[in-house]
Amino acid sequence: MLDLTPKELSERSALRVNPAKTCQPVGAMYAALGVHKCMPHSHGSQGCCSFHRMYLTRHFKEPAIAASSSFTEGSSVFGGGSNVKTAVKNIFDMYNPDIIAIHTTCLSETIGDDLNAFIQDMDIPEGKIVVHTNTPSYVGSHITGFGNMISGFIKHLAKSSKQSNGKLNILPGFVNPGDMREMKKLADFMGASYIMLPDTSGVLDAPMTGSYEMYPKGGTKIEDIVSMGDSELTLALGELTCEAPANELKRKCGVPYSAMPLPIGIEATDAYVMALSHFTKNEVPYEIEEERGQLVDTMLDGHPYFHNKSVAIYGDPDTVLGITALVLEMGMIPKYVITGTPGETFVKKANELFEKAGVIGCKAKAAGDLFELHQWIKNDSVDLLIGGTHGKHIARAEDIPLIRAGFPIIDRYVHSYMPIVGYKGAMRLVELILTALMDRQDRDCKEEDMEMVM
Amino acid sequence: MKGVNQSTTLLKEREDFIYCKDGCQTDTFRCDAESVSGAVSQRACVYCGARVVLNPITDAFHIVHGPIGCASYTWDIRGSLTSGEELYRNSFSTDLGEQDVIFGGEKKLTAAIDEVASLYAPKVIFVYATCIVGVIGDDVKAVCKMAEQKHGIRVIPVMSPGFAGHKSVGYKMACNAIMELIGTEKREKTNRINILGDFNLAGEMWIIKDYLNQIGIDVAAQITGDASCEQLMEAGSAALNIVQCAGSMTYLAKRMEEEMGIPYVKVSFFGIEDTTHSLLRIAQALGNEEALKKAEMLCEIEKNKLQDFLNKYRKNLKGKKAAIYVGGGFKAISLIKQFNEIGIDTVVVGTQTGKKDDYEIISQLVNPGTVVLDDANPAELETFMKQKEADILVGGVKERPLAYKLGIAFCDHNHERKHPLAGFIGVKNFIKEINLSMNSPVWDYIRRESL
């Protein structure tokens, strides 16, 4: 079997085995796809762009467009200035986007390409826009790149006219289109007027019409990004992902922000709803109360099956923290929580969650990898795994059920349309968890213990 | 770009890479060139090319030296099956950080190799040098050499900076690494053959080996599907190399011919015609009369076995139109023939890395009116598939959702193929799959804008 992981832990200082992260540019590309009529552009070798498009396509099962500067030996020596200038001209000529969002790569960063200077030097057609961000692949992870691209849009576009637009900015974190729809649904229920950046709903979950739209209907409109500078407040959902761009907007346009956890689980969703209520001064409507009540109802119905079960959660920092909070609310033990993305704040926040719930013996790690998680599990196993596709080797080797949540999920369908945020998203996770554990019980129990009614 | 009805703006720079077969010559047709900057190309890079060729070696360590991305995107994605070790399905890298970029990554690479050596007992480690490695001044070759001496194992550098060209250059770098491993030392000759350019996707290498076994031909080394290091070392004893994926492996075959005196023949095991032709060709090249007779018999039996099946499906499929967009030229050629066998007309055909020779053969095989294109982007594929009213597209991961969006059926003939598509059994799987995709009842529920 796929089981090469030795049980004995050994010190590794240089070798990364089975990573739980990928590089900045793919995050930037994902963020750029969430802007209407935007062509993401990868300033580097052709392979970067190809890999990122493939990765996104494998997760969303949708076309993911992006262009590349297509570096050659020459560009790696003399710089990629002429490549990106030609590229921008070609992209506007051929694909006619409203905006091109350039992100860098390890190569263009290392050779010191100055995108600001290149862009100033370009002949950009009237009414068209080119923005950029720096996404050195050797810093942070795809989560960092996602945040950096949002910051890039804000830096280039957001403006303060000193006149409030009365709106709320929502930075949704690195989540699926299905999650963004759920966040917007709650904001609509609360009667909030908002701008979401980025918004990949309607882009990476566009419906089948029998025709291919290079620029589907969805995505944040450019004029809305400009207007974000006149909003009254920004909600940065996913502190570790979206606080930096929220801060960028505050610095540039003076829009205050509130950084919150991703609304995964009851308390985090409550906090999101209360923030919306505080902003709109509206009472929480019955539709939301009803959803919350239904969630608590289902959690009580199922609690004998999941209470005290142990779980290992891996993936992106804010998503992992959100799921950790939910499973704690359910009475489960999040024995191991790891993210590949570096940053000790993750560990601090995870420990705060453990402490608040009064669980002991749980371990959190940032800049970890799935090899190490596998070693932990080999030494002391868990009942359940929650994370992306790449944990399936561990699941199979250790015979532990795996619930797919987060990014990337490249071996299942439909998931990107379905939320894990909000009360409905939590209910979906609760159902997935229950089904996984109860299917396992049905499979593993003695024949005489098999129950029709559970 | 001749005879192509332009309903969308195509880049002027791209025009020479597209033509329509109308009897005119193809002198001005261009391929095997750099992609245009700014194009939404479906092509990958040197590293990708090198990695996909070497990855199927099941008991090798593949350490990707660079920032994390290149390792993440290639972790267990090829679909190459193994009958032995599972090592290659893990991802190893140096995950270079900012400090390494500033101060150089040699130390980290050395430490990473040491850590692999202490965790496992590796036979061979391939070290991939990605884009920035040369730029930050790492001497990967020197590090590998020192590690070889220190650990007494093979540590082979694969020079694969992404910017040094497209996938084909990476294939070449992988071939060089394989040569480095097998060496040119004289070996006692046997009657065995090496299989080059099959990667055992969905177990296809096993099908080919089974046919060869049935006609009494033994295999020395499989390069690289389901290969092990030990088995690769046998390559020098072979009497003949057979080359399937010509795009990636012709270079290695030529090197082996020049440096080891092993002749090669090009083969393809896709479709009845090419599978039959290839088996006969191998027996002939070996001068093995008995194998030739057995091959004739085997192919006859297998072909007959397929007749009822083909007749049944031909009714369903005759007159349908296919579009092909694949990596290399050989596959496109086999697919056109395979479609011809069941009465499907190929109306659009393109490759990412096809060579001039490939396009000449393609041009002879297709009917007038067929659009031929090199290094196509989604907009071009869309335009021509719509214009030519294709019913099915055969391609890879990035083409699948595009086809679906257009309401066109799809078959993955790349890393995500669902069943083996090689050999006679592959004909069956392939036809079943395209039939299934074209006849899904779900297509009927698409509300087309024209309705």
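Worth knowing before you read on, the calculation uses all heavy atoms, side chains too, and leaves out hydrogens, waters and symmetry mates. Numbers restart at 1 for each chain; the letters A, B, ... are given by sequence-line order, proteins then strands.
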If you count heavy-atom pairs within less than 4.5 Å of chain B, which of [options] leads?
options	result
M214(A), Q24(A), K21(A)	K21(A)
S70(A), P19(A), G44(A), S10(A)	P19(A)
S76(A), S75(A), A206(A), C48(A)	S76(A)
N96(A), L15(A), I111(A), V88(A)	L15(A)
S13(A), P25(A), S137(A)	S13(A)
T86(A), T57(A), T72(A)	T72(A)

Got a second to check how far [X]'s [atom1] is from [Y]'s [atom2], nearest 0.5 Å?
X	Y	atom1	atom2	value
C106(A)	I132(B)	SG	CD1	5.0 Å
L402(B)	I65(A)	CG	CD1	11.5 Å
S50(A)	K167(B)	OG	NZ	7.5 Å
C23(A)	L96(B)	SG	CG	12.0 Å

Heavy-atom check, side chain of [X] versus side chain of [Y], under 4.5 Å:
X	Y	result
V26(A)	Y73(B)	yes
E380(B)	M94(A)	yes
R16(A)	F92(B)	no

Checking [X] against chain B: side chain, backbone, both or neither under 4.5 Å from a heavy atom?
X	value
L56(A)	neither
H142(A)	neither
P207(A)	backbone
V17(A)	both
C49(A)	neither

Practice prompt. Quick one: closest heavy-atom pair of L406(B) and Y212(A), and the distance?
Written response: CD2-CB, 3.4 Å
Practice prompt. Looking only at non-hydrogen atoms, find the nearest pair between G38(B) and A67(A) and report the distance.
Written response: O-CB, 3.3 Å
Is the side chain of [X] donor-acceptor paired with the backbone N or O of [Y] at a distance under 3.5 Å, no angle test?
X	Y	result
Y120(B)	L4(A)	yes
N90(A)	S37(B)	yes
N18(A)	S91(B)	yes
Y95(A)	V40(B)	yes

Top contributor to chain A contacts, counting heavy-atom pairs under 4.5 Å, from [options]:
options	value
C45(B), G134(B), P401(B), G165(B)	P401(B)
A111(B), C131(B), P378(B)	C131(B)
L87(B), T94(B), T82(B)	L87(B)
G49(B), S93(B), G69(B)	S93(B)

Check whether [X] gets within reach of chain A through its side chain, its backbone, both or neither, counting any heavy atom under 4.5 Å.
X	answer
V64(B)	neither
T74(B)	side chain
E382(B)	side chain
V101(B)	side chain
A164(B)	both

Kindly check if the number of other-residue, nucleotide or ligand heavy atoms within 6.0 Å of [atom1] ([X]) is above 12?
X	atom1	value
K217(A)	NZ	no
K107(B)	NZ	no
K108(B)	NZ	yes

Worksheet entry | salt bridge (Lys or Arg N to Asp or Glu O under 4.0 Å): pairs with one or both residues in residues 41-58 of chain A, sequence neighbours excluded | R58(A)-E416(B)
Item to complete: Not counting sequence neighbours, list each pair that qualifies as a salt bridge (Lys or Arg N to Asp or Glu O under 4.0 Å) and has a residue in residues 111-120 of chain B.
Response: D114(B)-K150(B)
Worksheet item: Would V135(B) and L107(A) count as a side-chain contact (heavy atoms from CB on, under 4.5 Å) if you check the C-alpha gap in whole Å, the side-chain angles of each, and the deciding distance to 0.1 Å?
Response: CA-CA 8 Å; V135(B) 181; L107(A) 178 59; 3.8 Å; yes
Practice prompt. With side-chain contact (heavy atoms from CB on, under 4.5 Å) as the test, would you mind laying out the steps for M54(A) and I77(B) before giving the verdict?
Written response: CA-CA 11 Å; M54(A) 176 194 80; I77(B) 59 163; 4.2 Å; yes
Item to complete: For the pair Y47(B) and F51(A), name the ring-plane relationship: parallel under 30°, tilted 30 to 60°, perpendicular over 60°.
Response: perpendicular
Discussion item. Checking H393(A) against D76(B) for the side-chain hydrogen bond (donor to acceptor under 3.5 Å, both in side chains) test, could you report, in this order, the C-alpha distance in whole Å, the side-chain angles of both residues, the deciding distance, and whether it holds?
Written reply: CA-CA 10 Å; H393(A) 289 176; D76(B) 199 17; 2.9 Å; yes
Worksheet item: Is K405(B) paired with E62(A) through a side-chain N to carboxylate O contact shorter than 4.0 Å?
Response: yes
Worksheet item: Are F163(B) and F71(A) an aromatic pair by the rule of ring centers under 6.0 Å?
Response: no
Item to complete: Would you sort out whether L119(B) and F371(A) count as a side-chain contact (heavy atoms from CB on, under 4.5 Å), showing the intermediate values?
Response: CA-CA 12 Å; L119(B) 269 174; F371(A) 181 83; 4.0 Å; yes
Item to complete: Might you work through the side-chain contact (heavy atoms from CB on, under 4.5 Å) test for W75(B) and L370(A), ending with a clear yes or no?
Response: CA-CA 12 Å; W75(B) 176 9; L370(A) 294 186; 3.9 Å; yes
